[in-house]
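The structure appears right after this line, and notes come after that.
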Amino acid sequence: MHSKFLKQTLLFLLSVLLGACQMAQSGSSVVDPSLSTPNPTSTPYSILPEITPYPSPTATPICSELSGSIEEGLVLSKKLDKPMSYLVYLPPCYNHDATLRYPVIYLLHGQNNSEVEWLQLGAAAAADELIATGMTKPFIMVFPFDPSYKQPDQYGFRDVFLGSLIPEIDRNYRTLDDKAHRAIGGMSRGGAWALHLGANFPQMFGSVGGHSPSIFFADGNELPELYVSIPSSSLPRIWIDIGDSDPGIKLINQFHNSLEEQGVKHEFYQNKGYHEGKYWAAHLREYLLWYNQGW
């Protein structure tokens, strides 16, 4: 009787020891349920910024979109003979997170063209590529239409652009609506507008790009002086480029030299090419990268 009991006891103890060994080898452990109970006095950290400028490069993508979208708009004003039509490029995933805000580039077309010119040269495709590859952060582009050949003081484009279009874009889209995150650029006549607006309203734009700019006759020699008069702390970033076979190269070199002689910080590039779409298309990604470097 005792022998049988002793044998059963030894077998039981042996099974316990074997089980313990197996648990040790497998890494299993026994957890007291009371230890996993949350501390009732602790508060989970859930305070996030109301607006996040853009996703962190290491963050999980908020959607799988690789292409942005284009929207149309119209500004009605008695200061213009016809409404100011415009196009807006919204980056991929714009509609998937309503907390994100974006920097904006206003890009103006050349004379005898329209708001579609930048898109025809590949601006949207270039932006999609730069954003998808992480070379730039997501951004918005706005392309307004200027139907005129007149000088800035001869019609109302400037007033409508500054007083109506920019406020409408900031109101209807999730922009970062400060100078630091607002850029303006243009090709040919559009470049003249960009340099004109950047000089006269430096509080509005953090970056100003003149791509083969056909500087307004009315601005003449005053344009460099306007930039000289801007305090260095308020001076926007300035980019000027032109093709070496562009008919306006002499005037642009004079403008560049005047800025340089008077110590106005800017970037100047003379490339191979003519005053044509082929030239601007070839440098489009450079332009967009430069605007983004300001952010």
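Predicted, not measured: the structure shown is a model, and the values here were computed from it. When reading the values below, keep in mind they use all heavy atoms of this one structure, side chains included, and skip hydrogens, waters and symmetry mates.
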Heavy-atom closest pair, residues P138 and P103
O-CD, 3.6 Å

Within a strict 4.5 Å, meaning less than it, do heavy atoms of the I238 and V264 side chains meet?
yes

From Y155 OH over to L80 CG, what is the distance, rounded to the nearest 0.5 angstrom?
8.0 Å

Who are the salt bridge (Lys or Arg N to Asp or Glu O under 4.0 Å) partners of D170, not counting sequence neighbours?
R182

4.5 Å side-chain heavy-atom contact, F143 and V116
no

When rounded to the nearest 0.5 Å, the distance separating CG of N200 from CZ of F205 is 10.5 Å

Worked verdict on W118 versus Y89 for side chain to side chain contact (heavy atoms under 4.5 Å, CB included)
CA-CA 11 Å; W118 280 95; Y89 164 87; over 6 Å; no

Whether the side chain of K179 engages the backbone of P202 through a donor-acceptor N/O pair (distance < 3.5 Å, no angle test) should be reported.
yes

Out of curiosity, L288 CG to I131 CD1, how far, rounded to the nearest 0.5 Å?
9.0 Å

Selection residues 228-238 - residue pairs positive for side chain to side chain donor-acceptor pair (under 3.5 Å), sequence neighbours left out:
S207-R237

Does a side-chain heavy-atom distance below 4.5 Å link H181 with R101?
no

Contact check, side chains of Y173 and Y94, non-hydrogen atoms, under 4.5 Å
yes

Might you point out which heavy atoms bring S67 and P92 nearest each other, and give the distance in Å?
C-CG, 3.6 Å

F157 and M84: CA distance, side-chain angles, deciding distance, side chain to side chain contact (heavy atoms under 4.5 Å, CB included) verdict
CA-CA 8 Å; F157 179 85; M84 179 187 285; 3.5 Å; yes

With a 4.5 Å limit on heavy-atom distance, are the side chains of H283 and Y269 in contact?
no

With a 3.5 Å cut-off and sequence neighbours excluded, list the donor-acceptor pairs that the side chains of residues 251-259 form with protein atoms.
residue : atom : partner : partner atom : Å
N253    : ND2  : I249    : O            : 3.2
H256    : ND1  : H266    : NE2          : 2.8
N257    : ND2  : N253    : O            : 3.1
S258    : OG   : Q262    : NE2          : 3.2

Yes or no on side chain to side chain contact (heavy atoms under 4.5 Å, CB included) for I140 and V88, after CA distance, side-chain angles and deciding distance?
CA-CA 7 Å; I140 293 171; V88 180; 3.8 Å; yes

So, E71 side chain and L90 main chain: donor-acceptor pair closer than 3.5 Å or not?
no

For a side chain to side chain contact (heavy atoms under 4.5 Å, CB included) check, start with the C-alpha distance between M187 and N113, then their side-chain angles and the critical distance, and finish with the verdict.
CA-CA 11 Å; M187 64 183 77; N113 217 303; over 6 Å; no

Would a line drawn from the ring center of F145 to the ring center of H109 be shorter than 6.0 Å?
yes

To the nearest 0.5 Å, what is the distance between CG on L100 and SG on C93?
9.5 Å

Can you label the angle between the Y291 ring and the H211 ring as parallel, tilted or perpendicular, going by 30° and 60°?
perpendicular

When rounded to the nearest 0.5 angstrom, what is the spacing between CD in Q151 and CG in D219?
7.5 Å

Report the hydrophobic cluster partners of L74, with the cluster defined as I, L, V, M, F, W, Y residues connected by side-chain heavy atoms closer than 4.5 angstrom, directly or transitively.
L76

Does any pair with a residue in residues 196-212 pass salt bridge (charged side-chain N to carboxylate O under 4.0 Å, His left out), and if so which ones, sequence neighbours excluded?
none

Hey, could you give me each pair passing salt bridge (charged side-chain N to carboxylate O under 4.0 Å, His left out) that has a residue in residues 189-203? Not counting sequence neighbours.
D146-R189

Minimum heavy-atom distance between L284 and A123, given as atom pair plus value
CD2-N, 3.3 Å

State, with a plain yes or no, whether a side-chain heavy atom of L108 is found less than 4.5 Å away from one of P144.
yes

With sequence neighbours excluded, what pairs up with Y106 under the side chain to side chain donor-acceptor pair (under 3.5 Å) test?
none

Member of L107, V104, L119 meeting the side chain to side chain contact (heavy atoms under 4.5 Å, CB included) criterion with M141
L107

Ring pair (Phe, Tyr, Trp, His ring centres under 6.0 Å) partners of W280, counting only residues at least two apart
H275

Taking every non-hydrogen atom, the tightest pair across M135 and L289:
O-CD2, 3.9 Å

Contact summary for S212 and D246, nearest pair of heavy atoms:
CB-OD2, 3.6 Å

With rounding to the nearest 0.5 angstrom, report the CZ to CH2 distance, F161 to W193.
9.5 Å

Does any part of the side chain of L195, heavy atoms only, come nearer than 4.5 Å to the side chain of Y227, both counted from C-beta?
yes

I'd like to check the salt bridge (Lys or Arg N to Asp or Glu O under 4.0 Å) partners of R158; sequence neighbours left out, ordered by chain and number.
D153

Look at atom OH of Y274 and say whether more than 12 heavy atoms of other residues, nucleotides or ligands are closer to it than 6.0 Å.
no

Which pairs count as salt bridge (charged side-chain N to carboxylate O under 4.0 Å, His left out) when at least one residue sits in residues 283-295, sequence neighbours excluded?
E129-R285

Looking at side-chain heavy atoms only, is the closest gap between I166 and L162 below 4.5 Å?
yes

For residues 255-279, pull every pair meeting salt bridge (charged side-chain N to carboxylate O under 4.0 Å, His left out), keeping only residues two or more places apart or in separate chains.
D244-K272

Would you say that more than 12 heavy atoms from the other residues, nucleotides or ligands in this model lie under 6.0 Å from the CD of Q154, or not?
yes

Keeping to residues at least two apart or across chains, list the side chain to side chain donor-acceptor pair (under 3.5 Å) pairs with something in residues 76-88.
S85-E115, Y86-E168

Exercise: identify the closest heavy-atom pair between A124 and I70:
CB-CD1, 4.5 Å

